[in-house]
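So that we are looking at the same thing, I have put the structure below in structure tokens.
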Amino acid sequence: MGIIRTDKLAYEYIRRDEEGNPEGITRAIDGVSIDIVPGEFVAILGHNGSGKSTFAKHINSILHATEGTVWVDGKDVADPDNVWDVRQTAGMVFQNPDNQIIGQIVEEDVGFGPENMGVPTKEIWERVEESLKAVHMYKYKDKSPNKLSGGQKQRVSIAGVLAMHPKCIILDEPTAMLDPGGRKEVIRAVRALNQVENITVLLITHYMDEVIYADRVLVMDKGRIALQGTPKEVFSQVERLKELRLDVPQEILLARSLNEMGISIPENILGVKEMAQCIAQEYFG
Amino acid sequence: MSIIFNHVNYIYDADTKHSSYALKDINLQINKGEFIGIIGHTGSGKSTLTQLMNALLKPTDGEVYFEGVDINSNGYNKKELRSRVGLVFQYPEHQLFEADVFSDVCYGPKNLGLSKKEAELRAFEALRLVGMDNEYYYQSPFDLSGGQKRRVAIAGVLAMKPEVLILDEPTAGLDPKGRDEILDQITRLKKETGITIILVSHSMEDVAKYVDRLIVMNQGQIMYDDTPREVFKHAESLQESGLALPRVTYIMHELKKLGVPVDTKAITVEEAAMEIASLLRK
Ligand SMILES: Nc1ncnc2c1ncn2[C@@H]1O[C@H](COP(=O)(O)OP(=O)(O)OP(=O)(O)O)[C@@H](O)[C@H]1O
Ligand SMILES: Nc1ncnc2c1ncn2[C@@H]1O[C@H](COP(=O)(O)OP(=O)(O)OP(=O)(O)O)[C@@H](O)[C@H]1O
Ligand SMILES: [Mg+2]
Ligand SMILES: [Mg+2]
């Protein structure tokens with residue numbers, strides 16, 4: 001059984017007027033059943049308002065299903081007795097690190113989670129060191145988080161989640177406000193956690209080039225999963241992705257342009273190096 | 001002549017022990033009708049720069065001029081300035097406050113003294129421009145998804161019909177189609193009305209595709225101010241400062257490394273395809 005599993009999950013936001021009477025309903029999640037295996041790297045794409053954040057908020061029990069069930073590591077998240085365990089198993093990193101950073105200095109901030117969990121002091125410091133090292137931020141441990149760049153802050157908030165030793169980490173647009181260098185750092189750190197520590201990763205993003213490393217891509221539309229597969233499978237459906245308001249990495253656009261110009265290049269090659277190699281092969285014959 | 005920065009310094013928390021330079025000796029001229037991109041690492045001073053342009057911040061030293069007048073001089077009408085130099089903030093939450101989406105977008109034009117009817121017409125037009133469906137018009141802007149909030153914030157500024165439109169990372173958090181739609185609409189608006197556009201962005205691909213002039217900020221100073229093509233010739237120093245080249249330009253560099261005699265100057269997919277096609281056809 002998967003580490004994250006949902007069965008016909010549905011969620012409705014109910015809008016109320018000043019008197020509290022229901023005014024309207026948005027069915028933000030509409031029948032999502034998925035099964036994510038431990039150690040899997042899953043990327044979630046989807047247009048604005050397609051339900052990505054709403055879905056993510058179910059996994060660590062911030063929102064509660066209107067219909068259907070969510071299990072994290074076999075535990076039903078709807079059971080209040082499980083909330084504590086669930087939040088330790090599945091850690092969440094939000095889009096804006098400022099909303100997540102609370103400590104006055106970096107190590108204190110990272111230690112906050114394990115401290116709250118009642119981890120003994122000595123082990124807290126071990127976990128802090130290990131988590132900061134995992135995201136290459138150990139040398140900033142005595143700094144004030146306010147003095148860090150956006151990419152550094154975001155890595156500190158990832159370390160804060162790691163220190164709770166989750167089996168699974170959910171990142172909701174963690175790179176939206178970062179410069180290209182910071183984006184690369186965060187994605188590299190996330191991939192390392194997945195590959196080295198075997199942590200299950202759920203990455204929500206609008207950047208197509210960040211998902212090429214995922215094992216599986218889910219595309220959401222109107223609260224449902226409209227498309228899923230390996231990055232190669234998903235990105236080969238350019239027209240369908242356009243209908244879903246998405247895009248493909250520039251290497252695929254390049255291959256398509258070349259094909260339109262009568263030069264035959266496969267349209268499913270992902271990665272800058274891979275694409276260059278393919279064109280070079282064509283050139284050298 | 002539109003906006004001029006003359007030896008501008010900006011220090012946050014001046015006079016305290018935390019004081020730090022956000023901008024150092026900025027000299028800059030932004031001309032009417034230009035489409036300018038601003039890129040730079042996080043914390044390089046981009047947002048500080050944009051807030052000095054419409055007098056939300058006051059320079060620690062130096063002056064900022066709009067159409068020849070120092071915007072921080074005594075008696076200068078800042079309210080009028082802000083309607084002519086419109087700024088969409090980096091975090092749209094900072095800009096939304098009315099009870100529903102439609103009133104939020106009407107607020108600016110109403111505040112300019114336009115009639116209710118005229119303000120509403122402008123709101124309809126602006127919301128259409130950013131692609132917000134009318135099913136959302138009477139919902140609270142706080143109950144929207146991240147990308148939807150951003151569209152409403154952009155519409156609010158567009159509805160004031162500013163002469164200079166400053167967008168601080170307007171496409172962060174937008175889906176790819178939304179990103180293209182908004183940048184295409186802005187380009188069209190510029191062609192039709194001749195407004196000046198200043199686009200702060202972390203997307204190298206977007207600035208390569210859309211802007212005519214690209215300013216690169218680095219640690220509070222202007223590092224480059226040139227056409228995107230010229231700027232992207234500085235691969236190494238851009239990377240050192242936390243930036244990158246457009247993805248397709250990396251493919252060209254990689255090809256060159258592999259011994260293919262390509263010109264690496266392409267910064268858009270179309271340019272790269274032309275260059276590669278002409279080589280492969282030989
Ligand atoms: N607090 C809320 N109250 C009412 N409706 C909401 C609320 N939050 C989100 N919604 C609605 O639920 C739907 C899904 O929103 P959600 O935030 O999950 O989308 P998303 O896929 O994360 O979008 P984005 O890419 O813009 O972040 C949207 O139609 C949105 O307007
Ligand atoms: N309100 C503030 N108080 C103190 N320092 C600030 C404040 N706002 C910004 N700074 C500092 O000023 C510098 C410039 O910040 P600014 O927000 O202009 O950068 P930016 O280029 O817009 O970055 P980003 O890409 O992350 O938005 C940074 O070092 C930042 O930490
Ligand atoms: Mg979201
Ligand atoms: Mg900024």
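Below, read A as the first sequence line, B as the second, and so on, with proteins coming before strands; counting in each chain starts at 1.
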Inset, instruction - Go through the atoms of A/Glu282 and report whether side chain, backbone, both or neither lie under 4.5 Å from a heavy atom of chain B. - result: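 Both backbone and side chain of A/Glu282 come within 4.5 Å of chain B.
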Legend entry - Residue B/Ser145 versus chain A: region with a heavy atom under 4.5 Å: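 Interface part for B/Ser145: side chain.
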Legend entry - Whether B/Tyr137 and B/Phe102 hold their rings parallel, tilted or perpendicular, with breakpoints at 30° and 60°: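 Plane angle under 30°, so parallel.
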Legend entry - Worked check of side chain to side chain contact (heavy atoms under 4.5 Å, CB included) between B/Ile215 and B/Ile36: CA-CA 7 Å; B/Ile215 294 172; B/Ile36 295 184; 3.8 Å; yes
Inset, instruction - Against chain B, work out which of A/Ala280, A/Gly182, A/Pro180, A/Gly181 has the most heavy-atom pairs shorter than 4.5 Å and name it. - result: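 Answer, by heavy-atom pair count under 4.5 Å with chain B: A/Pro180.
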Legend entry - Pick from B/Glu169, B/Gln139, B/Gln148, B/Lys256 with the largest number of heavy-atom pairs that fall under 4.5 Å of chain A: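 Most pairs with chain A among the choices: B/Gln139.
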Legend entry - Most chain B-contacting option - heavy-atom pairs closer than 4.5 Å, from A/His206, A/Arg245, A/Lys52, A/Gln250: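 Option with the greatest count: A/Arg245.
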Inset, instruction - List the atom of B/Thr249, the atom of B/Thr264, and the distance in Å for their closest heavy-atom pair. - result: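 Minimum heavy-atom separation between B/Thr249 and B/Thr264: CG2-O, 3.7 Å.
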Legend entry - Contact leader toward chain B among A/Glu23, A/Arg183, A/His47, where contacts are heavy-atom pairs under 4.5 Å: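 Highest number of pairs under 4.5 Å: A/His47.
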Inset, instruction - Identify which of B/Val262, B/Asp143, B/Thr42 forms the greatest number of heavy-atom pairs closer than 4.5 Å to chain A. - result: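 Counting heavy-atom pairs under 4.5 Å, the top option is B/Thr42.
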Inset, instruction - Go through B/Gly173, B/Pro246, B/Ser241, B/Ala172 and name the one with the most non-hydrogen pairs under 4.5 angstrom from chain A. - result: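 Sorted descending by pairs with chain A, the first entry is B/Gly173.
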Inset, instruction - Please check if the distance between the ring centroids of A/Phe55 and A/Tyr11 is under 6.0 Å. - result: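 That pair fails the under 6.0 Å test.
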Inset, instruction - Please say which of A/Arg191, A/Arg155, A/Lys153 ends up in a salt bridge (Lys or Arg N to Asp or Glu O under 4.0 Å) with A/Glu185. - result: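 Filter result, single survivor: A/Arg155.
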Legend entry - Heavy-atom proximity to chain A below 4.5 Å, by part of B/Glu254: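 Interface part for B/Glu254: both.
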Legend entry - Segment of A/Gln277 engaging chain B (4.5 angstrom heavy-atom cut-off):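 Both the backbone and the side chain of A/Gln277 come within 4.5 Å of chain B.
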Inset, instruction - Check B/Ile222, B/Ile38, B/Leu243 against B/Val216 for a side-chain contact (heavy atoms from CB on, under 4.5 Å) and give me the one that passes. - result: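 Only one of B/Ile222, B/Ile38, B/Leu243 forms a side-chain contact (heavy atoms from CB on, under 4.5 Å) with B/Val216, namely B/Leu243.
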Inset, instruction - Quick one: which of B/Arg247, B/Met274, B/Arg281 has the most heavy-atom pairs under 4.5 Å with chain A, could you say? - result: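 Answer, by heavy-atom pair count under 4.5 Å with chain A: B/Arg247.
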Inset, instruction - State whether a side-chain donor-acceptor pair under 3.5 Å links B/Ser47 with B/Asp168. - result: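 Yes, side-chain donor-acceptor contact under 3.5 Å.
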Inset, instruction - Using non-hydrogen atoms and a 4.5 Å limit, figure out which bit of B/Glu181 sits close to chain A: side chain, backbone, both or neither. - result: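 The side chain, not the backbone.
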Legend entry - Residue B/Leu174 versus chain A: region with a heavy atom under 4.5 Å: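 Both the backbone and the side chain of B/Leu174 come within 4.5 Å of chain A.
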Legend entry - Donor on one side chain, acceptor on other, B/Asn218 and B/Tyr224, under 3.5 Å: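 The criterion, which ignores hydrogens and geometry beyond distance, is not satisfied for B/Tyr224 and B/Asn218.
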Inset, instruction - Below 4.5 Å from any heavy atom of chain B, which atoms of A/Leu246 appear? Answer side chain, backbone, both or neither. - result: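 Contact with chain B is through both the backbone and side chain of A/Leu246.
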Inset, instruction - For B/Thr187 and B/Asp184, test the side chains for any donor-to-acceptor distance below 3.5 angstrom and give the result as yes or no. - result: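 Judged by distance alone, the side chains do not pair up.
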Inset, instruction - Decide whether B/Thr48 and B/Tyr12 meet the rule of one side-chain donor and one side-chain acceptor closer than 3.5 Å. - result: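 B/Thr48 vs B/Tyr12: donor-acceptor pair found between side chains.
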Legend entry - Side chain, backbone, both or neither of A/Phe284 within contact of chain B (heavy atoms, under 4.5 Å):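 For A/Phe284, side-chain heavy atoms alone lie under 4.5 Å from chain B.
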Legend entry - Residue selection (most heavy-atom pairs with chain A, distance under 4.5 Å) from B/Arg151, B/Met252, B/Lys257: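 Sorted descending by pairs with chain A, the first entry is B/Arg151.
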